[in-house]
Amino acid sequence: MTAQTMSTKQEIFRQEIVGSRRFSNYWWATIVSAGASGFFLAAVSSYTKINLLPFSDPTHLVFIPQGIAMGFYGSLGLLFSLYLWLTIGLDVGSGYNEFNKATGQITIFRWGFPGKNRRIEIKCKTEDVQAVKVDLREGLNPKRALYLRVKGMRDIPLTRVGQPLALSELENQGATLARFLGVPLEGL
């Protein structure tokens with residue numbers, strides 16, 4: 001969660017969630033695109049015997065099996081980079097968490113992949129909230145996340161997917177939200 005805003009009357013608490021438009025995703029999409037393009041152009045160069053790469057000469061490669069293997073890896077890499085760029089363009093995973101005391105409404109909104117479930121929106125009442133839960137798991141695949149525990153529903157995730165938040169930031173966000181909603185903070 002990146003940006004948290006409260007209205008002047010302390011009636012609305014809103015958290016903006018960063019989706020796939022993060023620096024790391026741009027970095028990897030660029031690297032994969034460049035590498036896959038190089039492999040694909042090397043394969044085309046070995047087939048046509050016309051050098052399409054300025055930094056090497058793949059025309060001396062034998063098309064079968066080297067050129068075909070490079071073309072295969074280049075094609076797969078280009079498809080993967082297309083997926084990464086589409087995910088960034090659609091900003092999958094972005095949205096907001098809005099807690100409104102005036103209306104007694106909580107709205108959790110995220111953008112998904114295209115289709116009938118592109119808009120993911122969960123609404124519930126503030127009086128149904130039982131607690132704010134902190135989930136901490138350390139080890140090889142650490143997990144640090146905030147969940148909203150609501151009566152009659154599964155725990156609703158509130159934090160973004162990706163790199164785990166710092167422990168102090170997670171505690172501060174959880175404590176601020178629990179204080180705003182007037183519910184206990186679990187899991188610490």
> So do Leu148 and Asp155 actually touch side chain to side chain, heavy atoms under 4.5 Å?
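No, every pair of side-chain atoms sits at 4.5 Å or beyond.
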> Would a hydrophobic clustering, with Ile, Leu, Val, Met, Phe, Trp and Tyr connected at side-chain separations under 4.5 Å, put Phe55 with Tyr73?
no
> Under a single-linkage rule joining Ile, Leu, Val, Met, Phe, Trp and Tyr whose side-chain heavy atoms are separated by less than 4.5 Å, which residues share a cluster with Tyr26?
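Tyr26 shares its hydrophobic cluster with Trp85, Ile88.
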> Count I, L, V, M, F, W, Y as connected when their side-chain heavy atoms are under 4.5 Å apart, and connections chain through other members. Are Met70 and Leu79 then in the same cluster?
no
> Please table the atom pairs, donor to acceptor, closer than 3.5 Å between any side-chain atom in residues 178-188 and protein atoms at least two apart or in another chain.
residue, atom, partner, partner atom, Å
Glu186, OE1, Arg149, NH1, 2.7

> Hey, mind stepping through Leu136 and Lys143 against side chain to side chain contact (heavy atoms under 4.5 Å, CB included) and telling me if it holds?
CA-CA 6 Å; Leu136 297 172; Lys143 182 178 182 180; over 6 Å; no
> Are Leu53 and Val32 grouped together when hydrophobic residues (ILVMFWY) are joined by side-chain heavy atoms under 4.5 angstrom apart?
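Looking at the clustering, Val32 is in a separate group from Leu53.
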> Taking Ile50's backbone N and O only, do any of them form a donor-acceptor pair with Ser45's side chain (distance below 3.5 Å, no angle check)?
yes
> Considering only heavy atoms from C-beta outward, does the side chain of Tyr147 approach that of Leu158 to under 4.5 Å?
no
> Please find the pair of heavy atoms, one from Phe39 and one from Gly74, that lie closest to each other, and give the distance.
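Scanning both residues, the minimum pair turns out to be CB-CA, 3.7 Å.
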> Which heavy atom of Lys151 sits nearest a heavy atom of Gln130, and at what distance?
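That would be CG-NE2, 3.2 Å.
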> Any side-chain heavy atom of Phe80 sitting closer than 4.5 Å to one from Leu76?
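Counting from C-beta outward, Phe80 and Leu76 never come under 4.5 Å.
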> Between Lys49 (side chain only) and Thr59 (backbone N and O only), is there a donor and an acceptor less than 3.5 Å apart?
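Judged by distance alone, yes, a pair lies under 3.5 Å.
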> Less than 4.5 Å apart, any side-chain heavy atom of Thr107 and any of Asn100?
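With C-beta onward as the side chain, the pair stays apart.
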> Is the closest side-chain heavy-atom distance between Thr87 and Ser20 below 4.5 Å?
yes
> Using side-chain contact (heavy atoms from CB on, under 4.5 Å) as the criterion, list what pairs up with Trp28, not counting sequence neighbours.
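Result, side-chain contact (heavy atoms from CB on, under 4.5 Å) vs Trp28: Ile31.
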> Quick one: does Asn25's side chain have a donor or acceptor within less than 3.5 Å of a partner on Arg21's backbone?
no
> For residues 60-68, which side-chain N or O atoms pair as donor and acceptor with protein atoms under 3.5 Å away, sequence neighbours left out?
residue, atom, partner, partner atom, Å
His60, NE2, Asp57, OD2, 3.0
Gln66, OE1, Val62, N, 3.1

> Please tell me whether Leu41 and Tyr47 are part of a single hydrophobic cluster in this structure, the criterion being side-chain heavy atoms less than 4.5 Å apart.
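In one cluster: no.
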> I'd like to know if Leu170 and Ile108 are part of one continuous hydrophobic network [Ile/Leu/Val/Met/Phe/Trp/Tyr, side-chain heavy atoms within less than 4.5 Å].
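Ile108 and Leu170: one cluster.
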> Answer yes or no: does atom CZ of Phe99 have more than 12 heavy-atom neighbours from other residues, nucleotides or ligands under 6.0 Å?
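Correct, the count exceeds 12.
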> Please table the atom pairs, donor to acceptor, closer than 3.5 Å between any side-chain atom in residues 115-129 and protein atoms at least two apart or in another chain.
residue, atom, partner, partner atom, Å
Arg118, NH1, Gly112, O, 2.5
Arg118, NH2, Leu90, O, 3.4

> Can you pull the ring pair (Phe, Tyr, Trp, His ring centres under 6.0 Å) pairs that have at least one residue in residues 109-137, sequence neighbours excluded?
Tyr96-Phe109, Phe109-Trp111
> Thinking salt bridges, do Arg137 and Asp135 make one under a 4.0 Å N-O criterion?
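Yes, Arg137 and Asp135 are salt-bridged.
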> Below 4.0 angstrom, N of the basic side chain to O of the carboxylate: do Arg144 and Glu138 qualify?
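Yes, charged N to carboxylate O under 4.0 Å.
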> Is Asn51 close to Pro58 at the side-chain level, that is, under 4.5 Å between some pair of heavy atoms?
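Yes, close enough: below the 4.5 Å cut-off.
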> Can you check whether Ser37 reaches Leu78 side chain to side chain, under 4.5 Å on heavy atoms?
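Yes, side chains in contact.
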> Take Ile17 and Arg110 through the side chain to side chain contact (heavy atoms under 4.5 Å, CB included) test and state the conclusion after the steps.
CA-CA 8 Å; Ile17 305 297; Arg110 300 289 187 277; 3.7 Å; yes
